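We use all heavy atoms of the structure for the numbers below, so side chains are in, but hydrogens, waters and symmetry mates are not. What you see is a predicted model, and the numbers here were worked out from it, not measured in a lab.
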Amino acid sequence: VANALVNVPARARRGEVIEIKTLISHPMETGYRRSQLGTPVPRDIIRLFVCTYNGTEVFRAELHPAIAANPFFVFSTVATESGTLAFQWTGDNGFSATESATITVD
Amino acid sequence: LSARRARLLAASALVLLAGMAAAGEMPLAGRRSGYDFMSRETRAMQDDDTANPGMLGVLEGGALWARKTGAAGRACAECHGDGRASMKGVAARYPAFDATLKRPVNLEQRINRCRTERQQAPALAHESRELLALTAFVARQSRGVPIDVTIDARTQPFLDNGRAAFYRRQGQLNLACSQCHDDNWGKSLAGNTIPQAHPTGYPVYRLEWQSLGSLQRRLRNCLVGIRAEPYEFGAPELVELELFLMWRARGMAIESPGVRP
């Protein structure tokens with residue numbers, strides 16, 4: 001099970017720029033390391049992070065090896081309407097995690 | 001030797017002894033948490049619960065708290081209730097004396113004793129994800145609580161051992177903990193600022209480790225750094241050192257889970 005923490009303001013004025021923070025637990029194993037016995041440690045990273053706002057994509061990030069464990073994203077978007085922000089992380093070994101948050105826009 | 005001279009000598013010897021005892025101790029008011037030595041960015045990371053990666057461990061620990069486990073099929077919550085209330089201040093009192101073992105145990109050992117005795121589950125490995133998560137969850141509930149380990153006739157000998165270890169030169173570099181953390185804190189060791197070694201934020205999320213880690217992991221790191229043979233995880237010597245460090249940091253606020261560079 002993946003643990004994720006998201007921080008979205010509960011309320012915002014229409015047109016306001018809001019800041020969104022997400023943190024997810026993931027080892028982000030680069031694939032370049034070797035174990036103590038010399039065998040390569042297979043790569044295990046998150047490849048893609050997508051945030052949608054009422055179904056419209058507002059942020060996307062592609063991840064690569066050498067990004068630290070437990071990736072933390074801070075980004076902003078414009079509060080256009082009340083609704084749901086959905087977050088999805090996908091990666092190696094079939095990794096998939098979702099989280100969502102609601103926002104009220106007045 | 002006149003009587004007056006003898007008295008004077010005795011008095012000066014006493015003053016000298018008192019001076020030696022006091023020399024090592026850090027003045028309480030001058031103590032600073034490792035937090036104060038960090039960059040603005042790292043402090044911001046610790047302060048924001050949605051940016052602090054240690055909170056992922058707290059989140060996981062909260063789930064483990066409620067999960068039934070072991071042959072007894074019992075969850076932590078069935079005895080201790082809501083950990084967010086019942087565990088407040090607990091981490092600030094550890095290491096604490098265990099009447100059965102007749103020695104102090106640290107928080108990780110206390111959790112494992114609950115597992116093996118009450119839950120009849122196998123003890124969790126030191127530095128395992130689960131043990132760190134549970135410890136982080138318990139320690140989180142003491143945030144802001146002043147450190148207050150109990151020093152009495154039972155724990156005093158262990159405190160004395162810990163203090164002796166702190167001031168003892170060891171390893172190939174022949175260094176004592178105190179030489180860095182009492183005498184040279186605030187100066188640089190390679191690229192890092194030497195902190196005063198107050199265990200206020202454990203378990204900490206160390207950016208270098210990219211994970212949570214216990215105080216014992218940190219102590220073993222330091223021992224390797226001075227090229228001494230590190231004690232095994234859970235060794236009595238490490239718990240005694242933990243006890244001394246917590247006593248040395250008495251009254252300082254718990255920050256768990258801390259973030260350190």
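- Within the model, atoms CG of A:Asn3 and CG of B:Leu56 stand 6.0 Å from one another, a figure rounded to the nearest 0.5 Å.
- By the salt bridge (Lys or Arg N to Asp or Glu O under 4.0 Å) test, B:Asp49 pairs with B:Arg140, B:Arg143, sequence neighbours left out.
- Rounded to the nearest 0.5 Å, atoms CG (B:Asn52) and CZ (A:Phe72) are 10.0 Å apart.
- Annotation: the span from B:Gln210 atom CD to A:Glu29 atom CD amounts to 9.5 Å, rounded to 0.5 Å.
- Listed by sequence position, A:Val6, A:Asn7 are the residues of residues 6-15 of chain A in contact with chain B, using a 4.5 angstrom heavy-atom cutoff.
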Working for side-chain contact (heavy atoms from CB on, under 4.5 Å), residues B:Arg129 and A:Ser25: CA-CA 12 Å; B:Arg129 190 190 165 101; A:Ser25 99; 3.4 Å; yes

Compile the donor-acceptor pairs under 3.5 Å between side chains in residues 224-238 of chain B and protein atoms, sequence neighbours left out, one pair per line.
none

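- Environment of CZ in B:Arg118: sparse, with no more than 12 heavy atoms of neighbouring residues, nucleotides or ligands closer than 6.0 Å.
- Close approach to chain B, defined as a heavy atom under 4.5 Å from one of its heavy atoms, is seen in A:Ala68, A:Ala69, A:Asn70 of residues 51-71 of chain A, taken by number.
- When each of B:Ala51, B:Ala63, B:Gly57, B:Ser211 is scored by its heavy-atom pairs under 4.5 Å with chain A, the top score falls to B:Ala51.
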If you apply the rule side-chain contact (heavy atoms from CB on, under 4.5 Å), what do you find for B:Met55 with A:Leu23, and how did you get there? CA-CA 9 Å; B:Met55 289 306 291; A:Leu23 182 63; 5.6 Å; no

